[in-house]
There are 2 protein chains.
Amino acid sequence: MIQKTPTGTVLYTIEQTIKEYRKICQRNIQKIADDITVDQCLVLIILNDNTTISQIDIAKLIFKDNASVTRIIELMVKKDYLTRETDELDKRKSKLIITEKGKKTIVLLAPVFKLNRKTALNGLSLDEIELLDKILHKIISNCKTS
Amino acid sequence: MIQKTPTGTVLYTIEQTIKEYRKICQRNIQKIADDITVDQCLVLIILNDNTTISQIDIAKLIFKDNASVTRIIELMVKKDYLTRETDELDKRKSKLIITEKGKKTIVLLAPVFKLNRKTALNGLSLDEIELLDKILHKIISNCKTS
DNA sequence: ATTATTTATTTGATATATCAAGTATATTTA
DNA sequence: TAAATATACTTGATATATCAAATAAATAAT
């Protein structure tokens, strides 16, 4: 199954790629805040841009299960990056509010995320990146409609 | 840089792609054996092709941590896909032997893996797949040397 | 208004990811 | 050959992934 041709291996290369990328992300993030993970950072940035977003929509944005998002947020509350209140308009929902610590962290994180992307995509042309994106979306659509 | 999602660039699309692919893999595998995971299947197939491989080398092949491999194998022994013996030539190592149940499963799995790949890569030309592979390896190398 | 259904989130169980520290054996060095 | 180092693997702690089942609140149907 692990063959030499890209046809047999490219899907594993995709997995390898994202793992290597997450490694440099985590490394660079830890220089700034050593009690936060890549996924927690993503949630923080999403909440910063969408203050009223629901957990379900967060899950969709970062391709995670609702259960995972619940637990990620739980830890972020514990670490004082977020506070959580019941939404009075719809009591099933939570209002997630970024704390001062969270806000400070976001300011520090922005350049790190930019650098991570720049590092990973270094030497690739815009055309190549667009093509990569196109091919990946084709694979996603193949999997979803199967 | 392509902003498909608030957080996102093509690097998140890579993550999404592998998640969708793993989903169809798991779905198709479960039709055949409902007590085995995608990762356990990979280990099984690797052991089938390399009967004397060490856990460390398995880890390298599937881009996993040694600790993860230890636990994956533990579960496979528990489920009677493998047996484990101490290697008498080097007592630090384990000899991993595929059981009858494991062998039967491999036979059933081979066409499933083929189908999974075919489904995911459907409609992509060989050129596109080779280009995808090339770009991904460039990203991996960017991350590793950073 | 009561019941049925849907929606948002949580919880439990199990698997994997990652790092660091630990154990046992093997190999190298002094 | 004893001590130092390296190797193969395990274990512990914490985070995330996934599915299924459970809550609880909102909405739709009767």
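Convention: sequence-line order gives letters A, B, ...; per-chain numbering from 1.
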[X] [atom1] to [N] [atom2], straight-line distance once rounded to whole Å:
X	N	atom1	atom2	value
K60(B)	dC9(D)	NZ	C1'	13 Å
I53(A)	dT9(C)	CD1	P	10 Å
R92(B)	dG22(C)	CZ	P	20 Å
Q26(B)	dA17(D)	CD	P	15 Å
N66(A)	dA20(D)	CG	P	14 Å
K78(B)	dA13(C)	NZ	P	15 Å
K93(B)	dT10(D)	NZ	P	13 Å
Q55(A)	dT11(C)	CD	C1'	13 Å

Report which part of the nucleic acid [X] touches: base, sugar-phosphate, or nothing (heavy-atom distance under 4.0 Å, all strands).
X	answer
D65(A)	base
K79(A)	sugar-phosphate
K19(B)	sugar-phosphate

Look at R71(B) together with E74(B) and state whether they make a salt bridge at an N to O cut-off of under 4.0 Å.
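Looking at E74(B) together with R71(B), the answer is no, because their closest N to O distance does not fall below 4.0 Å.
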Quick one: do D127(B) and K134(B) make a salt bridge, cutoff under 4.0 Å?
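No.
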N/O donor-acceptor pair under 3.5 Å between [X] side chain and [Y] backbone:
X	Y	value
Q30(B)	I36(B)	no
T13(A)	D133(B)	no
E20(A)	S141(B)	no

Given [options], the nucleotide with the shortest approach to the side chain of [X]:
X	options	result
K64(A)	dA17(D), dT16(C), dC9(D)	dA17(D)
T70(A)	dA17(D), dT16(C), dT9(C)	dT9(C)
Q40(A)	dT16(C), dA13(D), dA15(D)	dA15(D)
K91(A)	dG12(C), dA26(D), dA17(D)	dA26(D)
S94(A)	dT18(C), dG12(C), dT9(C)	dT9(C)
R71(B)	dT9(C), dT11(D), dT16(C)	dT11(D)

Using heavy-atom distances to pick each residue's nearest nucleotide on DNA chain D, tell me which of E88(A) and S68(A) is more 5'.
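Mapping each residue to its closest nucleotide by heavy atoms, the 5'-most match is S68(A).
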Nearest-nucleotide 5' precedence on DNA chain D, R22(B) against E74(B):
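Whichever sits nearer the 5' end wins; that is E74(B).
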With side chain to side chain donor-acceptor pair (under 3.5 Å) as the test, pick out the partner of D35(A) among K78(A), K79(A), K101(A).
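Exactly one candidate clears the test, K101(A).
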Toward the 5' end of DNA chain C, by each residue's nearest nucleotide, L89(B) or E15(A):
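Result: E15(A).
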Map K23(A) and V69(A) onto DNA chain C by nearest heavy atom, then report which one ends up closer to the 5' terminus.
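Closest to the 5' end, via its nearest nucleotide, is V69(A).
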Quick one: is R84(A) getting a side-chain N or O under 4.0 Å of the dA8(C) phosphate, OP1 or OP2?
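No.
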